[in-house]
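Naming convention: chains lettered A, B, ... in sequence-line order (proteins, then strands); numbering from 1 in each chain.
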Protein chains: 4
Amino acid sequence: MAGSVNKVILVGNLGADPDVKRMSSGDPVVNLSVATSESWRDKASGERKERTEWHRVVIFNDQLAKVAEQYLKKGAKVYLEGALQTRKWQDQNGQDKYTTEIVLQRYRGELQMLDGRNERDGGGYQGGQSGGGQQRSVSNDSGYGGGNQGGNQGGQSSGGGDFSRDMDDEIPF
Amino acid sequence: MAGSVNKVILVGNLGADPDVKRMSSGDPVVNLSVATSESWRDKASGERKERTEWHRVVIFNDQLAKVAEQYLKKGAKVYLEGALQTRKWQDQNGQDKYTTEIVLQRYRGELQMLDGRNERDGGGYQGGQSGGGQQRSVSNDSGYGGGNQGGNQGGQSSGGGDFSRDMDDEIPF
Amino acid sequence: MAGSVNKVILVGNLGADPDVKRMSSGDPVVNLSVATSESWRDKASGERKERTEWHRVVIFNDQLAKVAEQYLKKGAKVYLEGALQTRKWQDQNGQDKYTTEIVLQRYRGELQMLDGRNERDGGGYQGGQSGGGQQRSVSNDSGYGGGNQGGNQGGQSSGGGDFSRDMDDEIPF
Amino acid sequence: MAGSVNKVILVGNLGADPDVKRMSSGDPVVNLSVATSESWRDKASGERKERTEWHRVVIFNDQLAKVAEQYLKKGAKVYLEGALQTRKWQDQNGQDKYTTEIVLQRYRGELQMLDGRNERDGGGYQGGQSGGGQQRSVSNDSGYGGGNQGGNQGGQSSGGGDFSRDMDDEIPF
DNA sequence: TTTT
DNA sequence: TTTT
């Protein structure tokens with residue numbers, strides 16, 4: 001208890017399909033790899049520069065995890081809100097490693113799909129899902145919309161093949 | 001100076017095309033009407049409820065204003081960040097009125113277009129713009145991407161006719 | 001239309017003690033008046049300018065409302081997070097009025113007291129609270145994290161001597 | 001891929017005095033170590049639990065860096081806003097390491113001191129600063145708002161006696 | 001009505 | 001390493 005705030009807000013694209021694991025309790029845990037990028041014009045050279053940042057996101061929350069599992073795909077654009085958490089672990093050589101993640105927990109996190117509306121005509125990421133109910137806005141709240149929103153938007157969207165391919169190559173973890 | 005923070009973050013859709021005015025200085029001022037909505041299942045009735053909130057957004061910033069003017073259209077989905085400000089004014093009867101707006105100012109605000117990517121094939125809001133460079137991410141910063149980002153995304157998107165029509169009907173200001 | 005976000009983040013001071021009302025259900029509703037201010041040096045005149053903004057905050061949430069009622073006083077500095085909501089109402093002359101408020105609801109809002117540390121020695125804002133327990137951080141969640149916070153990730157968030165030592169040794173700046 | 005947002009908001013305490021370095025350009029770079037903590041009551045055991053998270057913050061910005069250097073001390077409570085960035089580096093054994101930091105850059109970040117009010121009487125964190133001027137709110141903007149803040153909107157932000165009176169009279173709750 |  |  002210390003009057004503190006630990007909040008991360010991201011709008012970015014998934015570099016891969018959600019990675020779903022089960023905890024010993026059976027609860028799902030979903031890992032996402034989310035890219036944000038910024039571009040600017042270099043003052044000196046006048047060149048256009050771009051920098052992509054990759055974020056590890058972990059969803060510890062039945063409800064959000066299920067939605068992520070069902071509705072998110074590689075390339076999807078999401079809004080998400082969580083907290084920073086750094087874990088220490090040892091690699092195979094016993095070396096200490098630290099990994100910083102954005103953690104979404106029950107009542108402490110939010111996840112919103114930001115695309116989907118315009119894909120009615122087909123589309124999809126890779127091999128195309130059927131669409132329908134793809135846009136899904138999920139408040140991390142069981143009584144306020146949680147998991148029940150959306151459904152009225154239709155399709156969903158992709159980053160296009162190039163984007164996805166590039167992502168595979170570049171993800172640093 | 002008081003260690004204070006006044007920040008609004010919205011992800012929503014434009015209910016109308018941007019409204020551009022000129023100040024006496026010639027600088028553009030852009031007003032946006034942005035809808036956010038949430039839906040939830042009513043516990044008692046089991047019905048699905050939805051509530052839309054309309055936000056008045058004012059952009060006092062050459063750069064952002066220009067981008068808004070050029071790239072935003074009715075139905076566009078945006079991420080924006082600004083500050084709350086309440087103005088007092090008198091109506092024609094001399095009655096005091098208060099209007100609360102989200103103000104984006106130079107170095108104090110951000111605006112990002114969140115759709116557009118998947119519209120390469122045409123689409124558009126109403127009468128269709130040509131697309132190209134429609135997705136535009138704008139940092140409110142002249143040296144970090146400001147106004148120069150994007151361009152690589154292609155089309156842009158709409159909320160579809162229904163959405164737009166409904167909006168016209170419902171905007172309460 | 002989903003995939004929307006409506007979020008306000010304020011750090012400011014209470015202009016008055018919390019105003020507590022009861023709903024017909026008996027649940028408390030707390031209204032706060034929160035000031036944020038910003039100051040800057042006017043480029044033309046060189047003068048120091050200041051502008052204060054007043055925000056109406058409404059807490060619809062038993063837990064948060066109780067904490068606000070108990071721990072917040074005029075002058076208190078708070079961090080709070082809620083959603084914008086505009087209500088229409090009629091004044092005594094039947095004139096339409098709109099009031100925009102920052103609403104904190106269950107699972108949708110946060111409230112943190114940011115002072116208190118230095119009140120131990122007595123003090124307090126007005127007529128002095130007893131001290132002790134002044135700083136109060138309140139997540140809008142009745143049991144957030146619970147047993148799931150750390151343990152289920154098999155890691156730890158740094159801290160501890162090792163971490164510091166390692167960092168000193170290894171981080172190259 | 002544009003239309004992205006990468007934002008971190010922290011309210012926490014400095015675990016040490018700011019660490020100031022100079023870049024080859026002579027510009028200061030300030031590193032902060034910021035703690036956030038959360039506490040909750042464990043449902044099973046009923047015990048009070050606490051978890052502290054440490055954040056590495058890097059300030060690349062003359063103005064903010066100077067303020068941090070001058071006004072921040074171990075123990076200080078701050079509000080800060082920046083972007084996540086993960087750097088890869090090699091330790092002395094040639095092992096790859098990743099460090100995630102919250103980066104504050106020009107026009108992209110904010111820093112606010114949240115204590116100070118109660119330091120007038122001396123005190124201070126460690127060995128006492130002179131007091132006065134302790135609270136310092138710093139927008140990451142060399143002249144933000146400037147003459148454009150309020151005046152150009154022809155309004156005012158409420159405040160003032162009228163506002164309060166009107167409200168008392170008219171607001172129906 | 002706060003705070004600096 | 002902070003804070004409560």
Side-chain angles (χ1 to χ4, degrees), chain A residues 1-5, chain B residues 1-5, chain C residues 10-19 31-39 48 50-57 71-78 112-120 125-126 131-138 158-165 167-168, chain D residues 10-19 31-39 48 50-57 71-78 112-120 125-126 131-138 158-165 167-168:
Chain A
M1 181 172 59
S4 64
V5 174
Chain B
M1 180 172 60
S4 64
V5 173
Chain C
L10 298 181
V11 175
N13 298 280
L14 269 64
D17 286 350
D19 173 32
N31 286 270
L32 304 177
S33 183
V34 175
T36 56
S37 62
E38 49 185 348
S39 67
R48 182 126 285 279
E50 177 159 348
R51 184 181 199 290
T52 293
E53 188 70 32
W54 288 95
H55 308 270
R56 299 182 63 85
V57 175
Y71 297 99
L72 296 181
K73 294 287 170 192
K74 182 178 182 174
K77 175 160 289 202
V78 293
Q112 303 266 4
M113 283 204 56
L114 296 177
D115 39 23
R117 196 172 48 174
N118 310 292
E119 311 299 300
R120 290 183 197 113
Y125 307 109
Q126 298 283 94
Q134 193 64 24
Q135 183 162 345
R136 191 82 190 179
S137 91
V138 182
S158 75
D162 323 356
F163 177 62
S164 302
R165 191 169 15 80
M167 284 193 149
D168 283 343
Chain D
L10 299 180
V11 174
N13 297 282
L14 269 66
D17 285 349
D19 174 32
N31 286 271
L32 305 177
S33 182
V34 175
T36 57
S37 61
E38 49 185 347
S39 67
R48 181 125 285 280
E50 179 160 347
R51 184 182 199 288
T52 294
E53 187 71 35
W54 288 96
H55 308 270
R56 301 182 62 85
V57 175
Y71 296 99
L72 296 182
K73 295 287 170 193
K74 182 178 183 173
K77 175 161 289 201
V78 292
Q112 302 265 5
M113 283 203 57
L114 295 178
D115 38 24
R117 195 175 47 175
N118 310 293
E119 312 299 300
R120 293 181 194 116
Y125 308 109
Q126 300 282 93
Q134 193 62 25
Q135 182 162 348
R136 191 81 188 179
S137 91
V138 183
S158 77
D162 321 357
F163 177 61
S164 303
R165 191 171 12 81
M167 283 192 150
D168 284 341

If you check every side-chain atom of Asn13(D), which of dT1(F), dT3(F), dT2(E) has the closest atom?
dT3(F)
I want to verify a distance call: between dT1(F), dT2(F), dT2(E), whose nearest atom is closest to the Thr52(C) side chain?
dT2(E)
State, with a plain yes or no, whether a side-chain heavy atom of Lys73(C) is found less than 4.5 Å away from one of Leu14(C).
no
Over how many whole Å does the gap from Glu53(C) atom CD to dT3(E) atom P extend?
18 Å
Nucleotide of dT3(F), dT3(E), dT1(F) approaching Ala16(D) most closely (side-chain heavy atoms)
dT1(F)
Record whether the side chain of Ser33(C) comes under 3.5 Å of the base of dT1(E) through a donor-acceptor pair of N or O atoms.
yes
To the nearest Å, give me how far apart CG (Leu10(D)) and C1' (dT3(F)) are.
14 Å
For Lys74(D) and dT2(F), what is the distance between atoms NZ and P respectively, to the nearest whole Å?
5 Å
Going by an N to O cut-off under 4.0 Å, is there a salt bridge joining Glu53(C) and Arg51(C)?
yes
In whole angstrom, what separates Asp115(D)'s CG from dT3(F)'s P?
10 Å
Would you check if Glu38(D) and Thr36(D) make a side-chain contact, meaning some heavy-atom pair closer than 4.5 Å?
no
Is it true that a side-chain atom of Asp115(D) and a backbone atom of Lys77(D) form a donor plus acceptor pair closer than 3.5 Å?
yes
d(CG, Leu32(C); P, dT2(E)) in whole Å
15 Å
Grab the CG-P distance between Leu14(C) and dT3(E) for me, whole Å please.
10 Å
Asp17(D) CG to dT2(F) C1': how many Å, rounded?
12 Å
Let me know the distance between CH2 of Trp54(C) and C1' of dT3(E), rounded to the nearest Å.
9 Å
Given dT1(E), dT3(E), dT3(F), which nucleotide is nearest the side-chain atoms of Glu50(D)?
dT3(F)
